[in-house]
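Treat the numbers as computed from the prediction; the structure is a model and nothing was measured.
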Amino acid sequence: MKNLINDKRAFLFLPFIALIFILVYSPSTSPLYLYEGFDSCTFKTIGIGILEGKIPYTDLFDHKGPILFWLNALGLLCGRVGLFFLEVIFFSAMLVCAYRIARLYTNESKAFAASLLTLIPTIDFITEGNQCEIYMLPFIALSLYMALRYTTGRMPYHPLRYSFFYGVAFAIIFFIRPNDAVSHVGAIMFGLFLLILRKREYRNAIANAAVFIVGSLAVAIPILIYFYAIGSLGDMLHGMIGYNLQYSSESGLNEGSIGILLIPVIIYGGTIFLSRRNDKDSWFILIPSLIFTLILIGKRDYYHYLLPILPVFCLFAAKCLNAGYTKVIAGISILFAIFSFRQHVLLVRCASQHGEIAELYRQSKNLILMVPESERSQVWNHNLYKLSNDKSPHVYSMTGIWSSAGVSPSNRVFIPFHRNRFGEEATLAANKPKWLLYTESSTDPNSLDEQFLKENYKVVATTADNCIAKVVLYQLIEND
């Protein structure tokens, strides 16, 4: 590899490797699968709604940031394959930036090897693909690279242009998922500010902080003005900040979340240990990042929350390879490879159920298409979230019916998990939408009252009896 790899070749190889990786391991965007995901299909459905002229938060609700929904809409302009290539672009950018981080500490071949090793934990962290963290990764990785260029002594003063970029990156990530902005780029800027103060460069510290704020406002102000102009600023702020804070504080600590918390402790802790001699300035970056990452993960056992630590894993791998700790990084990589069996099981199940899921989505789309085109915006989604629990032989999301069909539902809060918190049951009873798409097979505890259905709706059509789920299209009974 030593003779094969140089910087130019690495920059050519890594995007191709990223394409193959996303093709195999991102089932909700890859053209190899029909899996729509659970989070991913929500983002896609809102992206479809945007292309139909709907407004995030006001017409279709989720508590992530608007940039995530806009990116899904952008990708879906070219269908599922467009979203696939968009994810490839962002993941490629992260790998290239991770390689540049590794090059700060080692030669081309070891840096390339560190980049490849970074793919191993990604298998487990990427889960269904199209997660919001994927689209933050290039901004986190490039911010870390810039910060480490300064801490490794490659420049006498921290450049103001770097702080402007941190500000831009902070705001972009904030409008994807606010928690991650604080936990990653915010932590980097906080650590740099302390480091510059420690060097008694007070004017430089104040100037960098000011430029950081300017960079953040350069992104934030146009977005806020846009939502204010369309009358949805309150809905956006409530969903993205108010509701998101409530959601983030509701889970309890369990064995899964404790296990996940150990991963950043090991990766950051190992990197800090390997930096103890000639790179202690990087501690100002790494320690705040570790603390804020642990706070971000908190009590939730979601593996995709670990995606933002991938650039630090690449840094850790590069330091291990450069310091001769090959067995350490090999052992950790093997453990990640073993743990990735969950993802491989998911991929096998997705592939093996391809025909059954295709038939479900085909029949469900036909139900939606039975609704006159002029009335298709009046189809209410009820209970179409998860068909089955973890013990079911089938793995797919019923909300994926909408993203697969390329249509968005009429109800604002279309996910049962959020629906109860917004009184959607009362809204349904009061509004009585003209059309209703419903599954009797959902394990969601909410179900329509049989009497309500009998008195107000008639069955128009259902999926076939041999379909893996029974989806029913109801039409409102018009009173003369």
Side-chain angles (χ1 to χ4, degrees), residues 1-7 9-10 13-14 17 21 94-126 137 140-141 143-154 184 187-188 191 195 258-291 293-294 297 303 306-341:
M1 185 181 290
K2 187 174 181 179
N3 297 325
L4 288 174
I5 296 299
N6 56 39
D7 288 339
R9 289 175 179 172
F13 291 157
L14 288 173
I17 292 168
F21 185 89
M94 186 283 293
L95 277 184
V96 170
C97 291
Y99 172 82
R100 294 302 300 165
I101 290 170
R103 282 288 288 122
L104 294 173
Y105 297 92
T106 191
N107 60 36
E108 291 100 326
S109 58
K110 290 179 180 177
F112 189 73
S115 303
L116 296 183
L117 287 171
T118 304
L119 296 174
I120 298 175
T122 310
I123 295 172
D124 206 27
F125 299 168
I126 198 169
L137 275 172
I140 294 171
S143 296
L144 181 62
Y145 168 71
M146 290 176 171
L148 292 175
R149 283 202 73 207
Y150 173 66
T151 62
T152 51
R154 285 172 167 78
H184 299 291
I188 289 172
L195 177 59
I258 292 173
I260 288 180
L261 289 171
L262 288 175
I263 294 174
V265 169
I266 292 170
I267 302 306
Y268 278 91
T271 309
I272 290 167
F273 173 78
L274 293 171
S275 305
R276 69 192 185 280
R277 293 179 180 172
N278 302 318
D279 192 27
K280 281 191 175 181
D281 280 355
S282 68
W283 288 11
F284 283 85
I285 309 300
L286 297 171
I287 292 175
S289 295
L290 171 59
I291 293 170
T293 296
L294 296 177
I297 296 172
Y303 279 83
L306 295 171
L307 281 168
I309 75 170
L310 290 176
V312 179
F313 182 88
C314 186
L315 170 62
F316 174 59
K319 282 182 173 283
C320 282
L321 294 173
N322 200 52
Y325 291 101
T326 308
K327 292 182 179 179
V328 173
I329 191 60
I332 290 174
S333 298
I334 290 170
L335 285 175
F336 275 121
I338 293 171
F339 290 143
S340 70
F341 80 93

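- Here the shortest heavy-atom pairing between Ile272 and Trp283 reads O-NE1, 3.0 Å.
- Residue Ile309 holds its CD1 atom at 4.5 Å from CZ of Phe125, rounded to the nearest 0.5 Å.
- For Phe336 against Ile120, the heavy-atom pair with the smallest separation is CB-CG2, 3.8 Å.
- A donor-acceptor contact shorter than 3.5 Å is absent between the side chain of Thr106 and the backbone of Ala102.
- Here the CG atom belonging to Leu137 is positioned 11.5 Å from the CG atom belonging to Leu144, to the nearest 0.5 angstrom.
- No donor-acceptor distance shorter than 3.5 angstrom exists from the side chain of Arg9 to the backbone of Asn6, with no hydrogens or angles considered.
- Distance check: Leu335 CG to Ile266 CD1 gives 8.5 Å after rounding to the nearest 0.5 Å.
- Of all heavy-atom pairs between Leu148 and Ser282, the closest is CD2-CB, 3.9 Å.
- Using modelled atom types, one side-chain atom of Arg154 and one backbone atom of Leu104 make a donor-acceptor pair closer than 3.5 Å.
- A side-chain hydrogen bond (donor to acceptor under 3.5 Å, both in side chains) with Tyr105 is found for exactly one of Thr152, Asp279, Asn322, Asn278, namely Asp279.
- Across all non-hydrogen atoms, the minimal contact from Thr118 to Cys314 is OG1-CB, 3.2 Å.
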Using the side-chain contact (heavy atoms from CB on, under 4.5 Å) rule, take Tyr99 and Asp7 through it: C-alpha gap first, then chi angles, then the decisive distance, then the call.
CA-CA 9 Å; Tyr99 172 82; Asp7 288 339; 2.5 Å; yes
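- In this structure, CE in Met94 is found 8.0 Å from CG in Leu307, a value given to the nearest 0.5 Å.
- Proximity of Phe21 to Ile123: side-chain heavy atoms (C-beta onward) are separated by under 4.5 Å at one or more points.
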Begin with the C-alpha distance, continue with both residues' side-chain angles, and end with the deciding distance and a verdict on side-chain contact (heavy atoms from CB on, under 4.5 Å) for Phe13 and Ile5.
CA-CA 9 Å; Phe13 291 157; Ile5 296 299; 3.7 Å; yes
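- Distance CG/Leu116 to CG/Leu95: 8.5 Å, rounded to 0.5 Å.
- Using a 3.5 Å distance cut-off with no hydrogens or angles, the side chains of Ser275 and Lys319 do pair a donor with an acceptor.
- Looking at heavy atoms from C-beta onward, Leu290 lies out of side-chain contact with Leu286 at the 4.5 angstrom threshold.
- Taking 4.5 Å as the limit, every side-chain heavy atom of Val312 sits out of range of all side-chain heavy atoms of Ser289.
- Environment of CZ in Arg277: sparse, with no more than 12 heavy atoms of neighbouring residues, nucleotides or ligands closer than 6.0 Å.
- Evaluation of the side-chain contact (heavy atoms from CB on, under 4.5 Å) rule for Ile329 yields Leu117, Phe313, Phe316, Ala317, Cys320, Leu321, Ser333 as partners, not counting sequence neighbours.
- The minimum heavy-atom distance between Pro308 and Ile140, with the atom names listed, is CB-CD1, 3.6 Å.
- In this structure, the side chains of Leu306 and Ile297 come closer than 4.5 Å at one or more pairs of heavy atoms.
- Here CD1 of Ile101 is found 11.0 Å from CE of Met146. Values are rounded to the nearest 0.5 Å.
- Of all the heavy atoms in Leu261 and Leu294, the pair that sits closest is O-CD2, 3.6 Å.
- Every residue two or more places apart in sequence or in another chain that forms a side-chain contact (heavy atoms from CB on, under 4.5 Å) with Cys97 is listed here: Ala141, Leu142.
- For Ala147, the side-chain contact (heavy atoms from CB on, under 4.5 Å) partners at least two apart in sequence or on another chain are Tyr166, Ile188, Leu192, Ile285.
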